[in-house]
> 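One structure follows; several queries about it will come next.
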Amino acid sequence: MAGTEEAPWLHQHLAAGEELEPILATFPDDAPLRSAVARCRGLRLLRQEPWECLASFICSSTKQIVQIRQIVALLSERWGHSVAAPPEAVVNRAFPTAATLVSAGEGALRDCKLGFRAPYVLDAARRVVEGRLDLEALAHRDTPAAREALMEIHGVGRKIADCVLLFAYGRQDAFPIDVWVRRALSQLYFPRARRVSAAQLESFSESYFGPYSGYAQQYLFHYIRLEAGR
DNA sequence: CTCCAGGTTATAC
DNA sequence: GTATAACATGGA
């Protein structure tokens, strides 16, 4: 997850995070983007631990953000090892390792409200444990190759792969398109179109935002959610 | 009760 | 290539 918001323990990540505002200089004439940046001051990209990031986003499909947090908290409370945390922290356990989740089994994962995502998380965990997926090695591969490797996991498509690339590996050329970003792109860049296909949005983001697409995605995501909240 | 949620997959034109 | 249903679960 990335954001400007709430959890106190995020502050260290935010403080250490990269300034995203160079995007302003890259797109000086993009009114929608400038507006999004203006309303989302202080936004930073997180750099999450890859396994936690991957598993969390596999849990995210067709779930509300509040529910994703709940699932991650449940998994951590049940199987995560205890870690030092400030007293106000909601959870004081780390996210469980892949090996732990493999031994927990599918039924136990379903008990944590994963539903049909349980076998997906299990497939990812098995690949990591068995060495068929080397998360550390992904850091040394280019973005398309790393994306392809992630998408071999059952339950990981383009969107989740791009989330991991962006939030765990810092690949700023990754551009996860979820329902919110689809909404933002359609509204801001294709206002006349009745319907814009996924392939169309994908090729637009690549050619238009290029190497900064990850920055842009974060601003557009938070911007459109702020809009929706009013 | 119906609709939808930081999607992906299998199946069918 | 594009469209649609199914997949668990719970909040709005």
Side-chain angles (χ1 to χ4, degrees), chain A residues 1-7 10 36 40 43-46 48 50 52-75 78 95 101 104-127 133 147-169 171 174-188 190 193-206 213-230:
Chain A
M1 306 285 131
T4 56
E5 60 230 320
E6 59 264 6
L10 280 182
C40 302
L43 188 67
R44 302 288 188 279
L45 281 173
L46 297 183
Q48 287 190 295
E52 172 173 357
C53 185
L54 171 61
S56 302
F57 274 105
I58 292 175
C59 295
S60 78
S61 67
T62 55
K63 277 282 179 195
Q64 297 185 151
I65 292 177
V66 56
Q67 309 224 40
I68 300 165
R69 287 205 191 97
Q70 186 192 7
I71 290 172
V72 171
L74 271 175
L75 293 173
R78 292 208 187 172
F95 190 81
L101 293 186
E106 183 179 327
L109 293 182
R110 285 184 185 270
D111 286 342
C112 292
K113 313 187 185 237
L114 268 75
F116 63 84
R117 305 157 195 81
Y120 294 163
V121 171
L122 211 48
D123 180 46
R126 287 209 181 98
R127 286 171 188 270
L133 174 62
R147 175 184 291 129
E148 202 175 325
L150 289 168
M151 288 177 67
E152 286 178 12
I153 303 165
H154 199 60
V156 176
R158 171 73 182 231
K159 188 268 174 182
I160 291 178
D162 276 13
C163 282
V164 176
L165 290 170
L166 184 57
F167 302 133
Y169 294 96
R171 300 301 174 87
F175 190 89
I177 301 179
D178 58 39
V179 287
W180 294 100
V181 173
R182 180 187 323 287
R183 218 166 277 166
L185 290 178
S186 306
Q187 183 179 313
L188 298 173
F190 300 89
R194 187 153 45 82
R195 195 186 162 282
V196 191
S197 74
Q200 217 171 337
L201 292 177
E202 194 181 298
S203 80
F204 169 77
S205 71
E206 268 184 47
S213 62
Y215 290 135
Q217 191 271 4
Q218 282 300 277
Y219 282 112
L220 294 173
F221 176 82
H222 286 284
Y223 173 75
I224 200 70
R225 282 177 61 87
L226 287 175
E227 284 291 302
R230 335 187 272 166

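Here is how names work: the chains are called A, B, and so on, in the same order as the sequence lines, proteins then strands, and each is numbered from 1.
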> Using the aromatic ring of A/Phe221 (for Trp, its six-membered ring), decide whether it stacks on the base of B/dG6 within the limits of 5.5 Å and 30°.
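Yes; centroid distance and tilt both under limits.
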> B/dG6 C1' sits how many Å from A/Ile68 CD1, rounded?
5 Å
> For A/Gln70, report the nucleic acid contact type (base, sugar-phosphate, nothing); a contact means any heavy atom under 4.0 Å.
nothing
> Would you mind reporting whether A/Val66 and A/Gln70 have side-chain heavy atoms less than 4.5 Å apart?
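Side chain of A/Gln70 against side chain of A/Val66, heavy atoms only: no contact under 4.5 Å found.
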> Among residues at least two apart in sequence or on other chains, which ones pass side-chain hydrogen bond (donor to acceptor under 3.5 Å, both in side chains) with A/Ser186?
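With neighbours one apart ignored, the set is empty.
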> What integer distance in Å separates A/Phe57:CZ from B/dA5:P?
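Result: 17 Å.
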> What residues form a salt bridge (Lys or Arg N to Asp or Glu O under 4.0 Å) with A/Arg158, not counting sequence neighbours?
A/Asp162, A/Glu202, A/Glu206
> Can you name the ring-ring contact (aromatic ring centres under 6.0 Å, His included) partners of A/Phe190, sequence neighbours left out?
A/Phe204
> Tell me: CD1 of A/Ile160 to P of B/dT8, nearest whole Å?
4 Å
> From B/dG7, C/dA3, C/dT9, pick the nucleotide closest to the side chain of A/Lys113?
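Of all the options, the side chain of A/Lys113 is nearest to C/dT9.
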> Rounding to an integer number of Å, can you tell me how far A/Gln64 CD sits from C/dT9 P?
16 Å
> Restricting to side-chain hydrogen bond (donor to acceptor under 3.5 Å, both in side chains), what partner residues turn up for A/Arg110, sequence neighbours left out?
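side-chain hydrogen bond (donor to acceptor under 3.5 Å, both in side chains) list for A/Arg110, sorted by chain: A/Glu106.
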> Considering only the P atoms, how many Å lie between C/dT4 and B/dG6, rounded to the nearest integer?
23 Å
> Rounding to a whole Å, what distance do you find between A/Arg158:CZ and B/dG7:C1'?
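Checked: the CZ to C1' distance equals 14 Å.
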> Only pairs under 3.5 Å count here: list side-chain donor-acceptor contacts from residues 114-123 of chain A, not counting sequence neighbours, and write none if there are none.
{"residue": "A/Arg117", "atom": "NE", "partner": "A/Ser61", "partner atom": "O", "Å": "2.8"}
{"residue": "A/Arg117", "atom": "NH1", "partner": "A/Leu114", "partner atom": "O", "Å": "2.9"}
{"residue": "A/Arg117", "atom": "NH2", "partner": "A/Ser61", "partner atom": "O", "Å": "3.0"}
{"residue": "A/Arg117", "atom": "NH2", "partner": "A/Thr62", "partner atom": "O", "Å": "3.4"}
{"residue": "A/Arg117", "atom": "NH2", "partner": "A/Thr62", "partner atom": "OG1", "Å": "3.4"}
{"residue": "A/Asp123", "atom": "OD1", "partner": "A/Arg127", "partner atom": "NE", "Å": "3.4"}
{"residue": "A/Asp123", "atom": "OD2", "partner": "A/Arg127", "partner atom": "NE", "Å": "3.2"}
{"residue": "A/Asp123", "atom": "OD2", "partner": "A/His154", "partner atom": "N", "Å": "2.8"}

> Base, sugar-phosphate, or nothing for A/Arg182, non-hydrogen atoms under 4.0 angstrom?
nothing
> I need the residues from residues 147-156 of chain A with at least one non-hydrogen atom less than 4.0 Å from DNA chain B; give them sorted by number, or say none.
A/Ile153, A/His154, A/Gly155, A/Val156
> Report each atom pair, protein N/O against N/O of nucleotides 4-8 of chain C, whose distance is under 3.5 angstrom.
{"residue": "C/dA8", "atom": "O4'", "partner": "A/Phe116", "partner atom": "N", "Å": "3.3"}
{"residue": "C/dA8", "atom": "N3", "partner": "A/Arg117", "partner atom": "NH2", "Å": "3.3"}

> Using salt bridge (Lys or Arg N to Asp or Glu O under 4.0 Å) as the criterion, list what pairs up with A/Glu148, not counting sequence neighbours.
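Applying salt bridge (Lys or Arg N to Asp or Glu O under 4.0 Å) to A/Glu148 gives none.
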> Please walk me through it: do A/Asp111 and A/Leu74 pass side-chain contact (heavy atoms from CB on, under 4.5 Å)?
CA-CA 9 Å; A/Asp111 286 342; A/Leu74 271 175; over 6 Å; no
> Rounded to the nearest Å, what distance is computed from the CD1 atom of residue A/Ile58 to the P atom of nucleotide C/dT9?
18 Å
> Under 3.5 Å, sequence neighbours excluded: what are the donor-acceptor pairs made by side chains of residues 175-183 of chain A?
{"residue": "A/Asp178", "atom": "OD1", "partner": "A/Trp180", "partner atom": "N", "Å": "2.7"}
{"residue": "A/Asp178", "atom": "OD1", "partner": "A/Val181", "partner atom": "N", "Å": "2.8"}

> Rounding to an integer number of Å, can you tell me how far A/Glu202 CD sits from B/dG7 C1'?
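In whole Å, B/dG7 C1' and A/Glu202 CD are 14 Å from each other.
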> Atom CD1 of A/Ile71 to atom P of C/dG10: distance rounded to whole Å?
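Nearest whole value for this atom pair: 9 Å.
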> Between B/dT8 and C/dG10, how far apart are the P atoms? Round to whole Å, please.
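These two P atoms come out 22 Å apart once rounded.
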